[in-house]
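Here is the structure we will look at.
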Amino acid sequence: MWCSSGQFLPNGTLLHTGGFNNGTQKFRMFTPCEAGSWCNWEELENIGLYNGRWYATNQILPDGSIIIIGGIGVNTLEFYPQQPSGAVNFPFLGQAADDRGITCIHAFTFSLKKVFKNLLSKC
């Protein structure tokens with residue numbers, strides 16, 4: 001899980017994406033459990049990121065879905081739950097990311113296109 005990213009889902013579960021080595025296309029979840037119980041990560045077996053990602057940015061959206069953006073050398077975005085369209089090419093990320101590939105975003109409840117066009121910028 002080194003070099004990965006994460007975002008809490010509306011139910012409190014942590015969605016973890018990407019990471020180092022053989023984890024670049026993995027989805028993992030951590031669901032909190034009762035005090036005194038044993039909690040562990042669950043690696044999702046039937047789905048994977050469309051693009052391998054290190055240091056991506058994850059952001060919850062108003063509908064509860066997660067947008068997964070960029071990463072080192074990756075100029076695409078995708079969603080969880082996954083959409084049939086797969087990863088979406090987004091060349092602007094190559095200009096907006098800092099040297100490590102980390103992208104900063106701000107999500108609001110209005111049009112996602114406007115958020116990216118106007119607020120995605122160098123950290």
Side-chain angles (χ1 to χ4, degrees):
M1 292 192 295
W2 186 258
C3 310
S4 58
S5 56
Q7 176 64 53
F8 286 99
L9 300 173
N11 69 358
T13 297
L14 177 62
L15 176 72
H16 213 249
T17 60
F20 181 70
N21 216 1
N22 66 350
T24 60
Q25 289 187 275
K26 299 287 186 180
F27 281 104
R28 297 167 216 84
M29 289 193 173
F30 182 83
T31 303
C33 59
E34 298 295 321
S37 299
W38 178 254
C39 301
N40 205 354
W41 290 95
E42 173 190 0
E43 196 164 275
L44 305 183
E45 298 293 331
N46 296 325
I47 66 169
L49 292 161
Y50 290 107
N51 294 127
R53 297 177 189 276
W54 284 20
Y55 298 106
T57 298
N58 296 2
Q59 175 66 51
I60 193 165
L61 299 175
D63 67 359
S65 65
I66 307 295
I67 189 167
I68 305 156
I69 305 170
I72 293 177
V74 181
N75 295 329
T76 62
L77 57 90
E78 55 188 284
F79 296 90
Y80 179 87
Q82 288 185 313
Q83 298 184 2
S85 59
V88 177
N89 190 29
F90 198 41
F92 181 63
L93 290 175
Q95 300 166 5
D98 71 10
D99 294 341
R100 296 165 300 203
I102 298 170
T103 302
C104 296
I105 65 166
H106 301 276
F108 296 99
T109 56
F110 52 85
S111 171
L112 189 58
K113 289 180 182 177
K114 289 182 183 176
V115 171
F116 284 128
K117 184 176 179 184
N118 296 321
L119 295 177
L120 185 62
S121 63
K122 254 186 153 173
C123 299

Mind checking what makes ring pair (Phe, Tyr, Trp, His ring centres under 6.0 Å) contact with Y50, not counting sequence neighbours? none

Using side-chain heavy atoms (C-beta onward) and a distance below 4.5 Å, is W41 in contact with L14? yes

Tell me if a side-chain donor or acceptor on E43 pairs with a main-chain N or O of R28 at a distance below 3.5 Å. no

Group every Ile, Leu, Val, Met, Phe, Trp and Tyr by side-chain heavy-atom contacts under 4.5 Å, then state whether L9 and I60 land in the same group. yes

Shortest non-hydrogen contact from F79 to L61? CE2-CD1, 3.8 Å

With side chain to side chain contact (heavy atoms under 4.5 Å, CB included) as the test, would you mind laying out the steps for F27 and H16 before giving the verdict? CA-CA 6 Å; F27 281 104; H16 213 249; over 6 Å; no

Donor-acceptor under 3.5 Å (W54 side chain, G19 main chain): yes

Are N58 and T17 close enough, and set up right, to give a side chain to side chain contact (heavy atoms under 4.5 Å, CB included), and what steps lead you there? CA-CA 8 Å; N58 296 2; T17 60; 2.9 Å; yes

Side chain to side chain contact (heavy atoms under 4.5 Å, CB included) for M29 and L44? Distances and angles first, verdict last. CA-CA 7 Å; M29 289 193 173; L44 305 183; 4.1 Å; yes

Can you run down the disulfide bond (SG atoms under 2.5 Å apart) pairs that involve residues 30-80, sequence neighbours left out, and say none if there aren't any? C33-C39

Do you know which of I69, T57, I68 makes side-chain contact (heavy atoms from CB on, under 4.5 Å) with L77? I69

Residue pairs fulfilling side chain to side chain donor-acceptor pair (under 3.5 Å) with at least one residue in residues 65-77, sequence neighbours excluded: N51-T76, R53-T76, D63-S65

Pairwise side-chain contact, I67 with Y80, heavy-atom cut-off 4.5 Å (strictly under): no

Flag yes if L49 and L15 sit in one hydrophobic cluster, no otherwise; membership is Ile, Leu, Val, Met, Phe, Trp, Tyr, and two members link when side-chain heavy atoms are under 4.5 Å apart. yes

For the residue pair A56 and G70, what are the closest heavy atoms and their distance? CB-O, 3.5 Å

